[in-house]
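Report on the structure given below.
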Amino acid sequence: SATIAYKEVNDPSGVSELTSLLPGRKALDLIFAQNKQDVAVFGEESITHTSISSKLDEIADKDFFFIVTNIVESQALKAIATWATAHDKIAILPVAKEGTASSKVEIANAINSSNVALYAHPGDSDNEVFLNCGIAGLMSPKPAGSATWALKSPNLIPKSYFKLADENTLIAGNVNVWANELGRGITKGGKTTDGSYVDITQGKYWLKNKLVTELALLLMNRDKLPFNMEGKTLITEAIEKVVTAGDRQGIIIRDETKIFVPDPLELLTNDRARREWNGIKIETRIAGA
């Protein structure tokens with residue numbers, strides 16, 4: 001809705017470029033209506049699906065994981081989805097209130113990614129309602145993988161709902177919706193466009209990142225990692241630290257996890273010559289919900 005150089009804010013007033021009536025401001029307000037948090041804001045007043053990737057490339061090195069937007073044009077959403085998938089981000093995107101339930105499902109089918117979730121709301125009078133921003137604002141501060149994205153009630157989401165037949169079509173097509181249960185508005189689905197669950201995808205990325213971080217710190221904080229059984233023990237302990245944390249957050253099950261680190265003399269001669277400890281394997285089970 002406005003051209004905004006990348007900035008990090010913890011209140012909507014930090015984005016003076018977005019006046020109260022702009023769609024981008026309404027989307028931003030929904031994020032901050034859920035939690036006090038830091039949000040990175042980046043905008044273009046006019047953008048097309050052909051230029052989105054190059055604009056996102058400008059912020060590829062910034063420290064963010066979730067992408068939300070007030071853009072609802074289908075080709076633009078597909079472009080954002082492609083970029084997010086290629087860059088290991090999770091995109092929580094809206095779908096336009098116009099169009100049939102089937103047309104919204106077609107967008108999900110075209111994206112078909114575990115990195116992208118679509119959230120649909122029938123709208124409020126003539127306005128789009130950015131349910132994606134509400135749910136992302138509510139869920140993104142929670143520990144990764146510790147909570148599902150279904151059956152949640154973000155603040156300030158209008159109580160208007162799809163017809164039951166359309167609701168069923170959307171959920172079956174991996175489009176998450178705002179629904180009425182027991183007289184209360186909640187999100188239904190909690191899935192990405194390929195049928196995975198958002199919390200599972202998030203948990204897997206958290207595990208990957210923490211394993212890389214712990215092993216990197218092990219290498220950086222020691223004068224050297226010995227290529228002997230002591231080194232094997234140190235590597236195993238670093239992995240076990242992540243596994244224990246993953247169990248505590250409800251991502252994986254500690255008692256069903258096996259860690260295999262080969263002995264130094266079991267490694268290939270070429271691996272040892274390159275100082276690479278290959279063949280490390282972790283087998284576990286996702287806890288789920």
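Computed from a predicted structure; not experimentally measured.
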Notebook entry, point to check: For E230 and K224, what are the C-alpha separation, side-chain angles and deciding distance, and is it a salt bridge (charged side-chain N to carboxylate O under 4.0 Å, His left out)?
Noted result: CA-CA 11 Å; E230 179 191 357; K224 75 172 186 177; over 6 Å; no
Shortest non-hydrogen separation from [X] to [Y] and the atoms involved:
X    : Y    : result
P12  : L28  : CA-CD2, 4.1 Å
L267 : F227 : CD1-CE2, 3.3 Å
G134 : Q34  : O-CG, 3.3 Å
P23  : N70  : CB-ND2, 3.7 Å
Q37  : G137 : NE2-O, 2.9 Å
T100 : S103 : O-OG, 2.7 Å

Would you tabulate the side-chain donor-acceptor contacts of residues 278-289 under 3.5 Å, counting partners in other chains and residues two or more places apart, or write 'none'?
from, atom 1, to, atom 2, distance (Å)
N278, ND2, D271, OD1, 3.1
N278, ND2, D271, OD2, 3.4
N278, ND2, E276, OE1, 3.4
T284, OG1, T257, OG1, 2.7
R285, NE, E256, OE1, 2.7
R285, NH2, E256, OE2, 3.1

Can you confirm whether [X] is buried at [atom1], in the sense that more than 12 heavy atoms of other residues, nucleotides or ligands lie under 6.0 Å from that atom?
X    : atom1 : value
K78  : NZ    : yes
F66  : CZ    : yes
D63  : CG    : no
D223 : CG    : no

Checklist line | Check against ring-ring contact (aromatic ring centres under 6.0 Å, His included), W178 and F130 | finding: CA-CA 11 Å; W178 185 242; F130 302 107; over 10 Å; no
Shared hydrophobic cluster, [X] / [Y] (ILVMFWY, side-chain heavy atoms < 4.5 Å):
X    : Y    : result
F64  : I90  : no
V129 : L138 : yes
I31  : L156 : yes
V95  : V177 : yes
I200 : L118 : no

Donor-acceptor pair, distance only, cut-off 3.5 Å: does the side chain of [X] make one with the backbone of [Y]?
X    : Y    : value
E128 : K97  : yes
E266 : D263 : yes
T193 : S113 : yes
D11  : G14  : no
N132 : V68  : no
S51  : I47  : no
N176 : G190 : yes

Distance, nearest 0.5 Å, that separates [atom1] of [X] from [atom2] of [Y]:
X    : Y    : atom1 : atom2 : value
I235 : E237 : CD1   : CD    : 10.5 Å
L77  : I52  : CG    : CD1   : 7.5 Å
M139 : S146 : CE    : OG    : 7.0 Å
Q202 : T148 : CD    : OG1   : 11.0 Å
D124 : S160 : CG    : OG    : 5.5 Å
K55  : I80  : NZ    : CD1   : 13.5 Å

Check: salt bridge (Lys or Arg N to Asp or Glu O under 4.0 Å): which pairs involve residues 15-30, sequence neighbours left out?
Finding: K7-E17, R25-D29
Notebook entry, point to check: Could you go step by step and tell me if K104 and D166 meet the salt bridge (charged side-chain N to carboxylate O under 4.0 Å, His left out) rule?
Noted result: CA-CA 10 Å; K104 295 173 173 59; D166 289 341; over 6 Å; no
Just distance, no hydrogens or angles: give the donor-acceptor pairs under 3.5 Å from side chains in residues 243-254, sequence neighbours left out.
from, atom 1, to, atom 2, distance (Å)
T244, OG1, E240, O, 2.9
D247, OD1, R254, N, 3.0
Q249, NE2, A144, O, 2.8

Is there a side-chain contact between [X] and [Y] in this structure, where contact means two heavy atoms from C-beta onward sitting under 4.5 Å apart?
X    : Y    : result
P262 : W277 : yes
Y119 : W149 : yes
D38  : V9   : no
T192 : V116 : no
N10  : K36  : yes
S74  : E106 : no
V242 : I239 : no
D88  : Y205 : yes

Next item on the list: Answer yes if the side chains of T85 and K89 hold a donor-acceptor pair under 3.5 Å, and no otherwise.
Entry: no
Checklist line | Exercise: do T48 and T50 side chains pair donor with acceptor under 3.5 Å | finding: yes
Next item on the list: Take K191 and S196, measure what side chain to side chain contact (heavy atoms under 4.5 Å, CB included) needs, and give me the verdict at the end.
Entry: CA-CA 5 Å; K191 289 186 176 183; S196 307; over 6 Å; no
Next item on the list: Show your working on side chain to side chain contact (heavy atoms under 4.5 Å, CB included) between N174 and D194 and close with a plain yes or no.
Entry: CA-CA 7 Å; N174 298 323; D194 72 344; 6.0 Å; no
Next item on the list: With side chain to side chain contact (heavy atoms under 4.5 Å, CB included) as the test, would you mind laying out the steps for I135 and I92 before giving the verdict?
Entry: CA-CA 8 Å; I135 187 68; I92 309 296; 4.0 Å; yes
Notebook entry, point to check: Given I71 and E44, is the side chain to side chain contact (heavy atoms under 4.5 Å, CB included) satisfied, shown in steps?
Noted result: CA-CA 11 Å; I71 297 171; E44 278 292 316; over 6 Å; no
Margin query: In terms of relative ring orientation, are F42 and Y6 parallel, tilted or perpendicular, with 30° and 60° separating the classes?
Written below: tilted
Item checked: Ion pair check, K188 and E181, cut-off under 4.0 Å -> yes
